[in-house]
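Accompanying notes for the structure given below.
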Amino acid sequence: MGPPGALGCLYLVLWVGGWGVTGLQEVSIGKFTELRLNHSTPTEILLQNIPANVSYVLFHVHTRYQNVTVSLSKIPFANDSLTGNDAGLLNVLRAEQTVCTWYLESVDLNQVLAIAVTVPYGDRDPIPGACNLEFTLDIDPNVYLQYNLYETVITFAPANLGYARGSLAPPCDVMMDEQSRWRLQYDVYQYFLPENNLNDTILLAHLDRMSMVQQIISNGIKTVTLTSSDLTKVSFSSMPGQGVIYNVVVRDPLLNTSAAYVPAHTYACNFTDTMDNCYTLGKASTKVFFLFCSFFGLFICFFGHRFLKTEFFFMGFIIVGFLVFVFLTRVTALGYDGGYATFRSDTIFWLTFACISLVVPVSLVACARILNILTCGIVGSYTMVLAVDGFVFTSLAYITLNILKRAVNQAFSNAFTNVPFQTNDFIIIAFWILLAIGGISTQLYRERDKAPFPPTPYLLWTRDRERRKTNVLDPSYHIPPIKDRMMIRLAQLRDFFRTEQPTGERTPLLL
């Protein structure tokens, strides 16, 4: 970059002379700059030598979770400033303007690590958030994010068509034809950070992949395309502890141009809570419960068919526990201690889920033993996956968690349920498959020469009854009927509480 020029020298003089400018940081167009922000010393960001073909500049700053305030003036006002950990402002340039200035201040009392970037756009590119009617900024290019245990919801303001410097902005809602902003389309992208990594440097290093249009298209996962008549609101499944970056690319299909909003990120957890923060996710009771279930499941995986009653108890516990949890969550105030639009209908989703669940049982109904052993191996080994998820994040746990969320939360039907599939997941799915194969093979080998299923309790009772009737040498033949045995037990209990009576005479016999 060339010399700062007269205006840059003036800023430097003001800073040295102590005229209220406490920190000055010069940035370049399209390049990320690492910043150390302080609460007591606000930072002034200076961008110079802006080319004449640039009509507007998007400036945004990001931190891991600490809030910072970005403003167009030294004293922030509601319509020219924003506070957050993903905050940005858009400057529409005047005819001869070559310099832009922003002011940054940390809300946190401690020093905050942040990155900032300036992204230029031309007069043919759409302007993100220029038709804002909901938020406080006049032009709001930000993606707003809210999350809870079930879903993460992003919202953003509609864009407008681009225009040249010094021209009037096209009206937002006067016309709805192809010559207005209603032709614009919005692509919503999602990007997963590395699993089990809450480091701020990792986040800041990956934000550059979701800040400019080409990088977003290359690295992000496009989840949905919205038209200008759609609601600018999209929901996703929450994954506590997993970092996710969201952004929106607005496209002008007529001019074949596009622009990106300010990316927003979340870990779906709180870094500052004393209990259950991002570093201590999961209650101790949950970890103990899944550890207990994993040991039980491991036993079922290898010996479930041999101990059939134990297997039935375990499977019944899972089914009843699922139903009870859903019931209590939906009808009481008790606390805790895919991608196709068709499936947003609860009726279609649950019918499809039930049909898929019945495909394997129906196809193997003639081979009941094999079906039962397969169930023991797959379900039993999966409990180990759930136990691992209590300590190390894995997307495989969302096979069941997303179904549970769908059952207990009515709004979850609109959420996109993409999950990351990274190194940890490959390792754990290999472990799951090996464990399931080992359990299934062990049970098939042990049961190869035995009857498909042990006799039912009723059949055992009828056999014993017939044996007692015909075989007088059987010791059980001489066992009294159950009615007589109950009377004997009651008599023994009565005698236990009866006071012992004296026997014989108390005086010696007279001779």
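None of the values given here were measured: they were computed from a predicted structure.
Counting only heavy atoms from C-beta outward, the side chains of L24 and L46 approach each other to under 4.5 Å. In this structure the side chain of T101 reaches within 4.5 angstrom of the side chain of E44, judged on heavy atoms. Taking 4.5 Å as the limit, every side-chain heavy atom of V244 sits out of range of all side-chain heavy atoms of H265. Counting heavy atoms from C-beta on, the side chains of V117 and F59 never come closer than 4.5 Å. Looking only at side-chain heavy atoms (C-beta outward), S237 and E151 stay at 4.5 Å or farther from each other. Using a 4.5 Å heavy-atom threshold, the side chains of Q242 and Y267 count as separate. Residues V262 and V143 fail the side-chain proximity criterion, which asks for heavy atoms closer than 4.5 Å. Taking 4.5 Å as the limit, some side-chain heavy atom of N160 sits within range of a side-chain heavy atom of P170.
At least one donor-acceptor pair under 3.5 Å links the side chain of N247 to the backbone N or O of Y261. In this structure a side-chain-to-backbone donor-acceptor pair under 3.5 Å is present from T223 to V188. At least one donor-acceptor pair under 3.5 Å links the side chain of T383 to the backbone N or O of G380. Using a distance-only test at 3.5 Å, with no hydrogens or angles considered, no donor-acceptor pair links the side chain of R209 to the main chain of Q215.
G88 approaches L137 most closely through the heavy-atom pair O-CD1, 4.2 Å. Nearest heavy atoms, Y56 versus P128: OH-CD, 3.8 Å. Closest approach of I29 and P120 over heavy atoms only: CG2-CG, 3.2 Å. Counting all heavy atoms, side chain and backbone alike, C269 lies closest to Y147 at O-OH, 3.0 Å. Smallest separation of non-hydrogen atoms from N110 and S106: O-OG, 3.9 Å. Here the closest non-hydrogen pair linking V213 and A260 is CG2-N, 3.7 Å.
Tested against P126, the residues L161, L255, V249, T257 include a single side-chain contact (heavy atoms from CB on, under 4.5 Å) partner, T257. Applying side-chain contact (heavy atoms from CB on, under 4.5 Å) to L203 and the options L193, L113, N85 leaves one that passes, L193.
Side-chain atoms of T266 and T152 form no donor-acceptor pair, as typed in the model, at a separation below 3.5 Å. Side chains of N199 and N197: no donor on one and acceptor on the other come within 3.5 Å. In this structure, a donor-acceptor pair under 3.5 Å is absent between the side chains of H60 and D86. Counting only N and O atoms by type, the side chains of N270 and T272 include a donor and acceptor under 3.5 Å apart. Checking N67 against T83 by side-chain atom types alone, no donor-acceptor pair falls below 3.5 Å. Between the side chains of E26 and Q48, at least one donor N or O sits under 3.5 Å from an acceptor N or O. A side-chain donor from one of D230 and T227 sits under 3.5 Å from a side-chain acceptor of the other.
In this structure, the separation between CH2 on W182 and CG on D173 is 5.5 Å, given to the nearest 0.5 Å. How far CG of D125 is from CG of L58: 11.5 Å, rounded to the nearest 0.5 Å. With rounding to the nearest 0.5 angstrom, the CD1 atom of I433 is 9.5 Å from the OG atom of S381. Interatomic distance, CG of L72 versus CG of D138, reported as 10.0 Å (0.5 Å rounding). Taken to the nearest 0.5 Å, the OG1 atom of T232 stands 9.5 Å off from the CG atom of N132. Taking OG of S258 as the start and CD of Q214 as the end, the distance is 6.5 Å to the nearest 0.5 Å.
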Exercise. What do the steps show when you test Y121 against I127 for side chain to side chain contact (heavy atoms under 4.5 Å, CB included), and what is the final call?
Worked result: CA-CA 8 Å; Y121 290 103; I127 305 176; over 6 Å; no
For this session: Take V385 and L435 through the test side chain to side chain contact (heavy atoms under 4.5 Å, CB included) and record every step on the way to the result.
Result: CA-CA 10 Å; V385 174; L435 196 60; over 6 Å; no
For this session: Mind running side chain to side chain contact (heavy atoms under 4.5 Å, CB included) on T118 and W102 for me, showing each step along the way?
Result: CA-CA 11 Å; T118 54; W102 301 272; 3.9 Å; yes
For this session: Determine, step by step, whether Y144 and F156 satisfy the ring-ring contact (aromatic ring centres under 6.0 Å, His included) criterion, reporting the C-alpha distance in whole Å, the side-chain angles of both residues, the deciding distance to 0.1 Å, and the verdict.
Result: CA-CA 6 Å; Y144 293 91; F156 55 95; over 10 Å; no
For this session: Could you walk me through whether I50 and L93 pass side chain to side chain contact (heavy atoms under 4.5 Å, CB included), step by step?
Result: CA-CA 10 Å; I50 301 175; L93 302 178; 3.7 Å; yes
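Using cut-offs of 30° and 60° on the angle between ring planes, the pair H206 and Y191 is tilted. W432 and Y382 have tilted rings, their planes meeting at an angle from 30° to 60° on a 0 to 90° scale. Using the six-membered ring where Trp is involved, Y65 and F271 have ring planes that are parallel, under 30° apart on the 30 and 60° scheme.
Listed by first and then second residue, the salt bridge (Lys or Arg N to Asp or Glu O under 4.0 Å) pairs that reach into residues 238-257 are R183-D252, D187-R251, sequence neighbours excluded. For the salt bridge (Lys or Arg N to Asp or Glu O under 4.0 Å) condition, the pairs that include at least one residue of residues 31-41, sequence neighbours left out, are E34-R36.
Listed by chain and number, the residues in a side-chain contact (heavy atoms from CB on, under 4.5 Å) with K233 are V153, T155, L231 (sequence neighbours excluded).
Note: Y246 and F236 meet the aromatic proximity criterion, with ring centroids under 6.0 Å apart.
The number of heavy-atom neighbours closer than 6.0 Å to CG of D177, taken from other residues, nucleotides and ligands shown, is above 12. The environment of Q111 atom CD is dense: over 12 non-hydrogen atoms of other residues, nucleotides or ligands sit within 6.0 angstrom. Within 6.0 Å of CZ on R165 lie more than 12 heavy atoms contributed by other residues, nucleotides or ligands.
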